[in-house]
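Predicted model only: the values in this text are computed from it and were never measured.
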Amino acid sequence: MQGEQRLEGFAQTVDWALSQGLTVKGHPLFWSIPKAVPEWVKRYDYPTQLKFLECRIRSIVARFKGRVAIWDAINEPMWEPAFKNLASRDWPHLDPIAEIADYIEPVLRWAREEDPDARYVINDYGLELDPPTGAPKHKDGSLVTAKRQRLRFLELMRELQNRGAAPDALGLQSHTGGWMPHADQIALYDEMATSGLPVHITEFWADTKHLDPAKIPQPVIDELQAEYVANYLTCAFAHPAVETFFFWGFNALRWIGTRSGHELTPVYHRVRRLLREEWLTTAELTTDSEGNARFRGFTGEYRLRHPTPLGLRGVAFQVSKQAGMPLTIVV
């Protein structure tokens with residue numbers, strides 16, 4: 001039905017996530033692709049379509065103000081047409097950077113006017129490495145390689161920065177079919193960091209289609225996958241430009257298809273060990289004669305408990321991602 005928004009399911013998900021103490025992310029606010037734009041919108045001229053889009057952006061962001069902390073504001077602009085060129089889509093569609101920025105700029109402005117405290121991300125795929133089948137061809141016959149798209153993505157960030165309309169972060173979907181060498185992964189983050197923006201890993205998953213179960217036993221494939229995912233996550237965690245890391249759904253963490261949907265995978269156990277054991281800094285400290293105690297830990301939120309005549313006292317503090325910067329806490 002024209003103009004009807006169905007957000008009850010999303011609202012319930014937001015409520016549940018907040019009740020569990022989770023940071024909520026919305027995906028996406030706008031995706032300029034035919035299947036993501038209702039047919040009734042396409043009957044109107046472009047200025048009217050923009051007004052419909054503005055109403056959508058403002059109403060959704062306003063409804064979840066203070067509750068959704070991160071939005072994938074724009075999805076896949078490097079591969080899809082600018083909104084005004086939607087009818088002429090020819091994938092892979094490479095529009096001029098200025099035309100892409102022309103529709104992103106107002107979307108970010110509308111969203112920020114409704115919730116200036118949320119963080120808004122431009123999210124895209126195919127920037128890490130070429131698919132195993134090779135880079136797709138543009139209609140002019142040229143190859144649309146991952147490197148070419150990275151350069152265009154950075155050009156878009158510069159264009160938006162010049163307009164005073166930069167996103168809060170750039171998003172890499174990171175569907176790494178074929179798996180990329182970790183040295184290339186670090187180089188990718190270094191390259192994206194030249195934008196001056198934080199990097200969000202937005203939809204990570206590493207499939208195993210390139211590993212033949214007829215040649216490699218499935219349990220071995222599962223363990224190889226878990227090790228690759230753990231190493232990939234470690235590289236992202238270690239890089240100063242990477243701010244967040246999201247897996248794409250629950251498929252990464254449990255069996256799907258013919259196996260039980262409730263059987264936890266080696267990936268799950270390996271990731272949990274990283275997050276809850278190896279990267280969880282815990283220490284018992286004793287002060288020296290001057291009342292100082294030192295420890296080396298990971299970035300994140302901490303709570304220090306120390307004895308007083310009235311019992312234990314807790315002090316909370318945050319360690320940000322600033323390599324080589326010692327932090328002094330006075331109790």
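Using a 4.5 Å heavy-atom threshold, the side chains of M157 and M192 count as separate. In this structure, the side chains of I57 and E114 stay at 4.5 Å or more apart for every pair of heavy atoms. Residues P38 and Q2 have side chains not in contact (no heavy-atom distance under 4.5 Å, counting atoms from C-beta outward). Looking at L94 and Q149, their side chains come closer than 4.5 Å, going by heavy atoms from C-beta outward. Using a 4.5 Å heavy-atom cutoff, the side chains of K42 and V37 are in contact. Side-chain atoms of L170 and I122, non-hydrogen and from C-beta on, never get closer than 4.5 Å to each other. Put simply, the side chain of V14 reaches to within 4.5 Å of the side chain of V68, judged on heavy atoms. Looking only at side-chain heavy atoms (C-beta outward), W279 and L233 come within less than 4.5 Å of each other.
With R150 as reference, E191 is the one residue of E155, E191, E128 to meet the side chain to side chain donor-acceptor pair (under 3.5 Å) rule. For the ring pair (Phe, Tyr, Trp, His ring centres under 6.0 Å) with W179, the lone residue among Y228, Y232, W205 that qualifies is Y228.
Considering every non-hydrogen atom in both V24 and A17, the closest pair reads CG2-CB, 3.7 Å. The minimum heavy-atom distance linking L143 with A135 is given by the pair CD2-O, 3.5 Å. Between V144 and K137 the shortest heavy-atom distance is CG2-C, 4.4 Å. Smallest separation of non-hydrogen atoms from A111 and V61: O-CG1, 3.6 Å. Shown here for G66 and D115, the closest heavy-atom pair between the two residues is N-OD2, 3.2 Å. Of all heavy-atom pairs between P77 and L156, the closest is CG-CD2, 4.3 Å.
Using a 4.0 Å cut-off between a side-chain N of Lys or Arg and a carboxylate O of Asp or Glu, R112 and D168 qualify as a salt bridge. Salt bridge present: R6 and E4 bring a charged side-chain N and a carboxylate O closer than 4.0 Å. A salt bridge links E54 to K51: one of the charged nitrogens lies within less than 4.0 Å of a carboxylate oxygen. A salt bridge between R270 and E278 is present, with a side-chain N of the basic residue lying under 4.0 Å from a carboxylate O of the acidic one.
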- Task: In sequence, state the C-alpha distance, the side-chain angles, and the governing distance for L86 and Y103, and then conclude on side-chain contact (heavy atoms from CB on, under 4.5 Å).
- Result: CA-CA 12 Å; L86 193 62; Y103 82 87; over 6 Å; no
- Task: Carefully, step by step, assess D95 and R152 under the rule salt bridge (charged side-chain N to carboxylate O under 4.0 Å, His left out).
- Result: CA-CA 10 Å; D95 267 336; R152 294 182 71 243; over 6 Å; no
- Item | Q12/W16 under side-chain contact (heavy atoms from CB on, under 4.5 Å): CA gap, chis, key distance, verdict | CA-CA 6 Å; Q12 292 172 2; W16 176 84; over 6 Å; no
- Message: Under the criterion side-chain contact (heavy atoms from CB on, under 4.5 Å), I'd like the reasoning laid out for W71 against I60: C-alpha separation, chi angles, the key distance, then a yes or no.
- Response: CA-CA 11 Å; W71 289 99; I60 292 177; 3.5 Å; yes
- Task: With side-chain contact (heavy atoms from CB on, under 4.5 Å) as the test, would you mind laying out the steps for H200 and N123 before giving the verdict?
- Result: CA-CA 9 Å; H200 286 201; N123 181 54; over 6 Å; no
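In the model, E80 has no side-chain atom that pairs as donor or acceptor with a side-chain atom of H93 under 3.5 Å. For the residue pair R148 / S142, a side-chain donor-acceptor distance below 3.5 Å is found, with atom types taken as modelled. Judged purely by distance below 3.5 Å, without hydrogens or angles, the side chains of Q5 and R63 never pair a donor atom with an acceptor atom. A donor-acceptor pair shorter than 3.5 Å can be found between the side chains of D190 and H239. There is no side-chain donor-acceptor pair under 3.5 Å between R158 and Q161. Between the side chains of D45 and T48, a donor-acceptor pair is found at a separation under 3.5 Å.
The side chain to side chain donor-acceptor pair (under 3.5 Å) test applied to Y120 returns no partner, not counting sequence neighbours. With sequence neighbours excluded, the residues satisfying ring-ring contact (aromatic ring centres under 6.0 Å, His included) with F83 are F30, Y46.
Between F204 and F245, the distance separating the two ring centers is shorter than 6.0 angstrom.
Hydrophobic clustering of Ile, Leu, Val, Met, Phe, Trp and Tyr side chains at less than 4.5 Å, counting indirect connections, unites L154 with W79. When the side chains of ILVMFWY residues are joined at heavy-atom separations under 4.5 Å, either directly or via intervening members, L50 and L29 end up in a single hydrophobic cluster. Connection of L151 to V199 is not established within any shared hydrophobic cluster, with ILVMFWY side chains joined at heavy-atom distances below 4.5 Å, either directly or through further cluster members. Follow the hydrophobic side-chain contacts under 4.5 Å out from I221 and you reach V229 in the same cluster. V107 and W31 fall into different hydrophobic clusters, where Ile, Leu, Val, Met, Phe, Trp and Tyr side chains are chained together by heavy-atom contacts under 4.5 Å.
N75 places no side-chain N or O within 3.5 Å of a backbone atom of P28 that could act as its donor or acceptor partner. Side chain of S32 to backbone of P81: a donor-acceptor contact under 3.5 angstrom is found. Listed for the Q49 side chain is a donor-acceptor partner under 3.5 Å among the backbone atoms of Y44. Distance alone, capped at 3.5 Å, places no donor-acceptor pair between the S174 side chain and the E203 backbone. The closest donor-acceptor contact from the side chain of Q225 to the backbone of A206 lies under 3.5 Å.
No more than 12 heavy atoms of other residues, nucleotides or ligands shown are found within 6.0 angstrom of CD on E301. Within a 6.0 Å radius of CZ in R109, more than 12 heavy atoms belonging to other residues, nucleotides or ligands are found.
I201 contributes atom CD1, which lies 11.0 Å from atom CZ of F247 (distance to the nearest 0.5 angstrom). Atom OG1 of residue T145 and atom CG of residue L127 lie 10.5 Å apart, to the nearest 0.5 angstrom. Rounding to the nearest 0.5 angstrom, the gap separating the NE2 atom in H210 from the OG1 atom in T208 is 7.5 Å. Note that CG of L188 and CE of M180 are 5.0 Å apart. Values are rounded to the nearest 0.5 Å. For the atom pair D124 CG and M78 CE, the distance stands at 6.0 Å (nearest 0.5 Å). How far SG of C235 is from CD of Q185: 4.5 Å, rounded to the nearest 0.5 Å.
For residues 133-158, no pair satisfies ring-ring contact (aromatic ring centres under 6.0 Å, His included), with sequence neighbours left out.
Between F52 and W40, the two ring planes are perpendicular [angle over 60°; tilted spans 30° to 60°]. Classification of the F64-F10 ring pair by plane angle, with boundaries at 30° and 60°, yields perpendicular.
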